[in-house]
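Take a look at the structure below.
Per chain, numbering begins at 1; letters A, B, ... match sequence-line order.
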Amino acid sequence: MQQLAERVYTLIGSIPHGKVASYGQIAALAGYPNHARKVGQLLRQLPDGSTLPWHRVVNSQRRISFPEESQKFAEQKQKLEAEGVTFSARNLIPSQYLWN
DNA sequence: ATGATGACCGCGG
DNA sequence: TCCGCGGCCATCA
């Protein structure tokens, strides 16, 4: 479990500027498939001033996993747009940027 | 031990 | 696109 945490942080930190990865991808790359929820839990515990690019992590539908009206949603979207990530008309789907 | 709760995932309808 | 459902799994009451 401790392993998962370390790897997850490393992987997230390695996501290129302007690109995004999904919770599931991070978990799988860390060697723990089916642990997407755990990744979310780890990010949720992150301190506010964290330098980790948590905003580059979205769900498998390429959508921000926060309710649209929430402050966190706005924050994540803003950070992504600042990196040049574009969203669809409904502001939910980062169009072309997805990690492989 | 049991049930509820997530920054999740995929498949249907 | 928008739900609902089952699957998944650690955490906590």
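- Ranking C:dT11, B:dA7, B:dC9 by closeness to the A:Ser22 side chain, first place goes to B:dC9.
- Side-chain atoms of A:Ser50 do not come within 3.5 Å of backbone N or O of A:Pro47 as any donor-acceptor pair.
- Test A:Leu52, A:Val39, A:Val57 against A:Val8 for side chain to side chain contact (heavy atoms under 4.5 Å, CB included) and you get one pass: A:Val39.
- One finds a side-chain N or O of A:Ser60 lying less than 4.0 angstrom from the OP1 or OP2 phosphate oxygen of B:dC9.
- Rounding to whole angstrom units, CG of residue A:Leu4 and P of C:dT11 are separated by 10 Å.
- B:dG6 sits 12 Å from C:dC8 when the C1' atoms are compared, rounded to a whole Å.
- In this structure, the CD atom of A:Gln41 is 15 Å from the P atom of B:dC9, given to the nearest Å.
- Rounded to whole Å, atom C1' of C:dA10 lies 10 Å from atom CG of A:Leu42.
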Subject >> Evaluation steps, side-chain contact (heavy atoms from CB on, under 4.5 Å), between A:Leu42 and A:Leu4 >> reply: CA-CA 10 Å; A:Leu42 289 172; A:Leu4 193 167; 3.8 Å; yes

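- Each of A:Gln45 and A:Arg37 lies near DNA chain C, and the nucleotide nearest A:Arg37 is the one positioned closer to the 5' end.
- None of A:Glu83, A:Glu75, A:Lys77 except one satisfies the side chain to side chain contact (heavy atoms under 4.5 Å, CB included) rule with A:Lys79; the exception is A:Glu75.
- Atom CD in A:Gln61 sits roughly 13 Å away from atom C1' in C:dC3 (whole-Å rounding).
- Comparing A:Lys38 and A:Asn59 by the nucleotide of DNA chain B whose heavy atom lies nearest to each, the residue mapping closer to the 5' end is A:Lys38.
- When the P atom of C:dG6 is taken as reference, atom CG of A:Asn34 falls 18 Å away, rounded to whole Å.
- Residue A:Leu43 places its side chain closer to B:dA7 than to any other of C:dA10, B:dC8, B:dA7.
- Look at CZ on A:Phe73: it is 12 Å from C1' on B:dA7, rounded to the nearest Å.
- Between the side chain of A:Arg56 and the backbone N or O of A:Val20, no donor-acceptor pair lies under 3.5 Å.
- Of the candidates C:dA10, B:dA7, C:dC9, the closest approach to any side-chain atom of A:Tyr23 belongs to B:dA7.
- For B:dA7 and C:dG7, the P atoms lie 22 Å apart once the distance is rounded to whole Å.
- Per the geometry, CD1 belonging to A:Ile64 stands 14 Å off P belonging to B:dC9, to the nearest Å.
- Put simply, CZ on A:Arg44 is 10 Å from P on C:dC12, counting in whole angstrom units.
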